[in-house]
J.: 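This is the structure, below, for whatever I ask next.
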Amino acid sequence: MRSLLRWTVLGLAIALAALVMALSGAQAAPVRPLPQAPSAPVQINSNQQCLDCHTKPDQTLDLPSGEALYLTIDQAGFDAGLHAKAEPSVGCMGCHTDITGYPHGPLAAKNLREVAISFSKVCATCHDTEAAKQLDSMHQHQLDAGNENAAVCSDCHNPHYTVKPDEPRARIANTCARCHSGIAQEYRNSVHGQDLFQGDNPDVPVCITCHGVHNIQDPRTAKFLLYSPDLCKKCHGNLELMRKYGIRTEVFDTYVADFHGTTVTLFQRITPDQVPNKPLCIDCHGVHSMQRVNDQPQSIRENLLTTCQKCHPGATPNFPDAWLSHYPPSPDRYPLVYFVNLFYQVFIPGVLGGMAIFVAADAYRRITRRLKGGRA
Amino acid sequence: MSTMTADAQKTYERFSVEQRFEHVLMLASFTVLAVTGLPQKFIGSAVSVAIIQMLGGIEITRQIHHIAAIVMILSSVYHLAAGGYRTYVVRHRMNMLPGLSDLRDAINTLLYNLGVRKERVQFGRYNFEEKAEYWAFVWGTAVMVFTGFIMWNPIAAATFMPGQVIPAAKAAHGGEAVLAVSAIILWHMYGVHLRHFNKSMFTGKLTEHEMIDEHPLELADIKAGVGRPPVDPEAYARRRRLYLPVAAVVTVVLFAVVLSFMTFEQTALDTVIRKEPLQAFIPLTPTPFPTPLATATNFPLQPIWNFNISSVFQAKCADCHSTDGIAGLDLTTYAGVMQGSNDGPVIIPGDPDHSLLVIKQSAKHPGQLSEFELKIVKDWIKAGAPRQ
């Protein structure tokens, strides 16, 4: 009897150890982003089967995080979408590859962000070009660094109601505004944003004009900042475009001709990793909030002084005149600079020309003497 | 003739050691200023970029330019003091001062070189070419120091001058630089390097031969004993006692001015207020889920299977619960409904609250009856689930 008891205890101990190992092994197993559903009693073969349930209102799934995942699809919206209209059309199971029947298998995602992130790879199966570009984006880098708030495909492109993301163009700004609402508000009030939202103006830049699409770069890097004037130049150096608005295109060249712009240009060419320590276009005109010069709350002159004082706190009211306001000097505007330039345009050839006459005459005598065999 | 050959070996002091040292300082600082300055004026040129790159970037290039400027200004201060000493204490003639005779010499030299005038012009210690270069250098240095100060200390400059002076100073500084470097190459290099390499600025001496060729009037004065007349030692010592303290004070004051020149104002690099990093991620409040709307029922319902409980089940339940449906439940036929599911009966006639169908409906079931539909189904069960 005693040996039987011993064997029973030993057997129970081994079973318990096996159970503990199995449980700990299960905990350590990596979370699969899209688990394959266990074979379900009912196979699903068509969109209609999905929509029979998922068009019913107020369908939600409670996630472990306590958030609710909304599962109801507006069928009219889905049918009007680009996925439904594509040839061949993209149906539910085109993306929801983990679902093959009803009841569905458990969802690996613990919260709403994980759901969105887990589907990004699915988008890449068709949209490989965009997916490859996005791999080099700031959003992806943030995601890789563990920031789950970073945007993934579905944050900008709702896969169920797929529309052209840039029609109307204001849609682009509204899309970015979902996460960047502070910046978006500044942009909305800017001269660019006002024209976009009020007039659907195709000329004004929207977010992606400067920041790019999919491969959006970190705008705080030295490289992005250093080359930011060139972004402005794309439009503000375009004569045809600027003529429509009565804006001069010399703005870029006059910036580069000035001390600040000269330095930034040299940084670009020589030390592209240098964080610019001279003002860029955005430092005076605003990053997202640029206004017409005449639309400032203060007079242009006061405003200029305030702007200078951002970096030169000791600047006095005379100081802003040191900046030629993007104008090439002329007799009417900045006459002192104009006439100094004019003086040297005359003085330099005058002096050098005079010297050249003396030098040439001296050389002439020496050469002719030497040719005649005489002493120079 | 033999005496002349012997005399040709004789040399005459032209520049003292101090003067030659001054020249080296000027030569060095001028060259550094030109090499570090011109590329800043012509940044569009690849050569400029290469030079600035070689020097280690624009910030370092500007630092070097500033240091060279200080060297040149300090040696100019020294030059003033030393010139004063030679003029006042030693009583050298002020033979660098220009005069009308220099204009005449210039014209006659030109005419001689062109072959119009037969007689060569005879020069004294400093000829018109040397005077022109000296005074051009004085003018150039004055312009460069003044405009350089403005560019170095723009905020301070704008407190007592119009702001426009700053870009004007930049324009003048650049123009003057081009003029100075071009003049050195054309005038100085031709005059003392190319046509005849005059080494006196480094050796300090000219040979008799060179003196006859270039400064015959000075040589004649020296030979006549009137070039540099002897100084009365007593008067010399008295003037020296007076001059040195005055010169020392003036020099110290000027050095202090130069020091303040360098540190007059902080650059914006030190005073700029770093911006707070922009708060980029400010998500909008997510749109709330749409409020479910009651499903409109557009046919009259009665609590009888044939009118029209069967239609409700067909519309809402049949996708999953028809022949061989989920959980073995078939809600498309009266018999199926009454038979129930694998879990047992779903309808208990007369007791809607304990009927599994009603319980399931009240929980989260994928298919949902509308409130009205559920009420009719409950009424139907309460009435005993009649078929007709």
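Each chain gets a letter, A, B and so on, in the order its sequence line appears, and its residues count up from 1. Computed from heavy atoms alone, side chains included, the values below leave out hydrogens, waters and symmetry copies.
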J.: Could you tell me which portion of A:A363 (side chain, backbone, both or neither) has an atom closer than 4.5 angstrom to a non-hydrogen atom of chain B?
T.: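 For A:A363, backbone and side chain are both near chain B.
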
J.: Quick one: CG on B:N113 to CZ on A:R366, what's the gap to the nearest 0.5 Å?
T.: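 Interatomic distance, B:N113 CG to A:R366 CZ, rounded to 0.5 Å: 7.5 Å.
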
J.: Using non-hydrogen atoms and a 4.5 Å limit, figure out which bit of A:H288 sits close to chain B: side chain, backbone, both or neither.
T.: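 For A:H288, the contact with chain B is made by the side chain alone.
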
J.: Select, from B:T109, B:L194, B:I166, the one with the greatest count of heavy-atom pairs under 4.5 Å involving chain A.
T.: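 The candidate making the most pairs under 4.5 Å is B:I166.
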
J.: Quick one: what part of B:Y190 sits under 4.5 Å from any heavy atom of chain A, side chain, backbone, both or neither?
T.: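 Contact with chain A involves the side chain of B:Y190 alone.
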
J.: Side-chain contact, heavy-atom cut-off 4.5 Å: B:I155 with A:F319?
T.: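 Side-chain contact under 4.5 Å: yes.
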
J.: Please flag which part of B:A136 lies under 4.5 Å from any non-hydrogen atom of chain A: side chain, backbone, both or neither.
T.: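 Neither; nothing under 4.5 Å.
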
J.: So which part of A:D74 gets closer than 4.5 Å to some heavy atom of chain B, the side chain, the backbone, both or neither?
T.: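 Interface part for A:D74: neither.
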
J.: Do the rings of B:W187 and A:F358 sit parallel, tilted or perpendicular, given the 30° and 60° boundaries?
T.: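 B:W187 vs A:F358 ring planes: perpendicular.
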
J.: Heavy-atom distances under 4.5 Å only: say whether A:L324 touches chain B with side chain, backbone, both or neither.
T.: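 Contact with chain B: side chain only.
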
J.: Among B:Q40, B:R62, B:K170, which residue has the highest count of heavy-atom pairs closer than 4.5 Å to chain A?
T.: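 Highest number of pairs under 4.5 Å: B:R62.
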
J.: Non-hydrogen atoms of chain B under 4.5 Å away: do they reach the side chain of A:P335, the backbone, both or neither?
T.: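 Contact with chain B involves both backbone and side-chain atoms of A:P335.
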
J.: Does the side chain of B:P162 come within less than 4.5 Å of A:D321's, by heavy atoms?
T.: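 No - every pair of side-chain heavy atoms lies 4.5 Å or more apart.
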
J.: Can you tell me if B:Q164 and A:N318 form a side-chain donor-acceptor pair at under 3.5 Å?
T.: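 Their side chains do not contain a donor-acceptor pair, so the 3.5 Å distance test is not met.
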
J.: Checking heavy atoms, do the side chain of B:M151, its backbone, both or neither come under 4.5 Å from chain A?
T.: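 No part of B:M151 comes within 4.5 Å of chain A.
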
J.: Under a 4.5 Å cut-off applied to non-hydrogen side-chain atoms, are B:I282 and A:H180 in contact?
T.: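 They are not in contact (no side-chain heavy atoms under 4.5 Å apart), so the answer is no.
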
J.: Would you say the side chain of A:F267 lies within less than 4.5 Å of the side chain of B:E59, judging by non-hydrogen atoms?
T.: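 Heavy-atom side-chain distance check passes, below 4.5 Å.
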
J.: Among A:T368, A:L266, A:V359, A:V340, who wins on heavy-atom pairs under 4.5 Å with chain B?
T.: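 Ranked by contacts with chain B, first place is A:V359.
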
J.: Might you point out which heavy atoms bring B:R195 and A:D362 nearest each other, and give the distance in Å?
T.: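 That closest heavy-atom pairing would be NH1-OD1, 3.3 Å.
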
J.: Closer than 3.5 angstrom, by distance alone: can the side chain of A:R365 be matched with the main-chain N or O of B:L110 as a donor-acceptor pair?
T.: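 Looks like no, no N/O pair under 3.5 Å.
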
J.: Please flag which part of A:T262 lies under 4.5 Å from any non-hydrogen atom of chain B: side chain, backbone, both or neither.
T.: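 The answer is both parts of A:T262.
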
J.: How far apart are the closest heavy atoms of A:A177 and B:L284, and which atoms are they?
T.: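 For A:A177 and B:L284, the tightest heavy-atom pair comes out as O-CG, 3.3 Å.
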
J.: Rounded to the nearest 0.5 Å, what separates atom CZ in B:F160 from atom OG1 in A:T316?
T.: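 Reported value, rounded in 0.5 Å steps: 10.5 Å.
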
J.: Rounded to the nearest 0.5 Å, what's the gap from CD on B:Q279 to CD1 on A:I183? Could you check?
T.: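 Spacing of CD (B:Q279) from CD1 (A:I183) equals 9.0 Å.
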
J.: Under a 4.5 Å heavy-atom cut-off, does chain B meet the side chain of A:I357, its backbone, both or neither?
T.: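 Both backbone and side chain of A:I357 come within 4.5 Å of chain B.
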
J.: What verdict does the side-chain contact (heavy atoms from CB on, under 4.5 Å) test give for A:F347 and B:L179, after you've listed the backbone C-alpha separation in whole Å, the side-chain angles of each residue and the deciding distance to 0.1 Å?
T.: CA-CA 8 Å; A:F347 191 55; B:L179 181 60; 3.3 Å; yes

J.: About how many Å separate CE of A:M355 and CG of B:L186, when rounded to the nearest 0.5 Å?
T.: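 Interatomic distance, B:L186 CG to A:M355 CE, rounded to 0.5 Å: 6.5 Å.
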
J.: Just give me the residue among A:N341, A:N149, A:L71 that pairs up with chain B most often, heavy atom to heavy atom, under 4.5 Å.
T.: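 When all of A:N341, A:N149, A:L71 are compared, A:N149 has the most.
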
J.: Side chain, backbone, both or neither: which part of B:E176 has a non-hydrogen atom closer than 4.5 Å to chain A?
T.: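 When you check distances to chain A, atoms from both the backbone and side chain of B:E176 fall under 4.5 Å.
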
J.: Out of B:G115, B:A169, B:A183, B:S48, which one racks up the most heavy-atom pairs below 4.5 Å with chain A?
T.: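 Highest number of heavy-atom pairs under 4.5 Å: B:A183.
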
J.: Say you draw a straight line from CD1 of B:I58 to OG1 of A:T263; how long is it, rounded to the nearest 0.5 Å?
T.: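 Taking CD1 in B:I58 and OG1 in A:T263, the distance rounds to 6.0 Å.
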
J.: With a 4.5 angstrom heavy-atom cut-off, could you sort out which part of A:F259 is near chain B: side chain, backbone, both or neither?
T.: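 A:F259 touches chain B through backbone and side-chain heavy atoms alike.
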
J.: Would one find more than 12 heavy atoms of other residues, nucleotides or ligands at under 6.0 Å from atom OH of A:Y364?
T.: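 Incorrect, the count does not exceed 12.
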
J.: Heavy-atom distances under 4.5 Å only: say whether A:I348 touches chain B with side chain, backbone, both or neither.
T.: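 Looking at A:I348, backbone and side chain both touch chain B.
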
J.: Checking heavy atoms, do the side chain of A:A150, its backbone, both or neither come under 4.5 Å from chain B?
T.: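 Interface part for A:A150: neither.
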
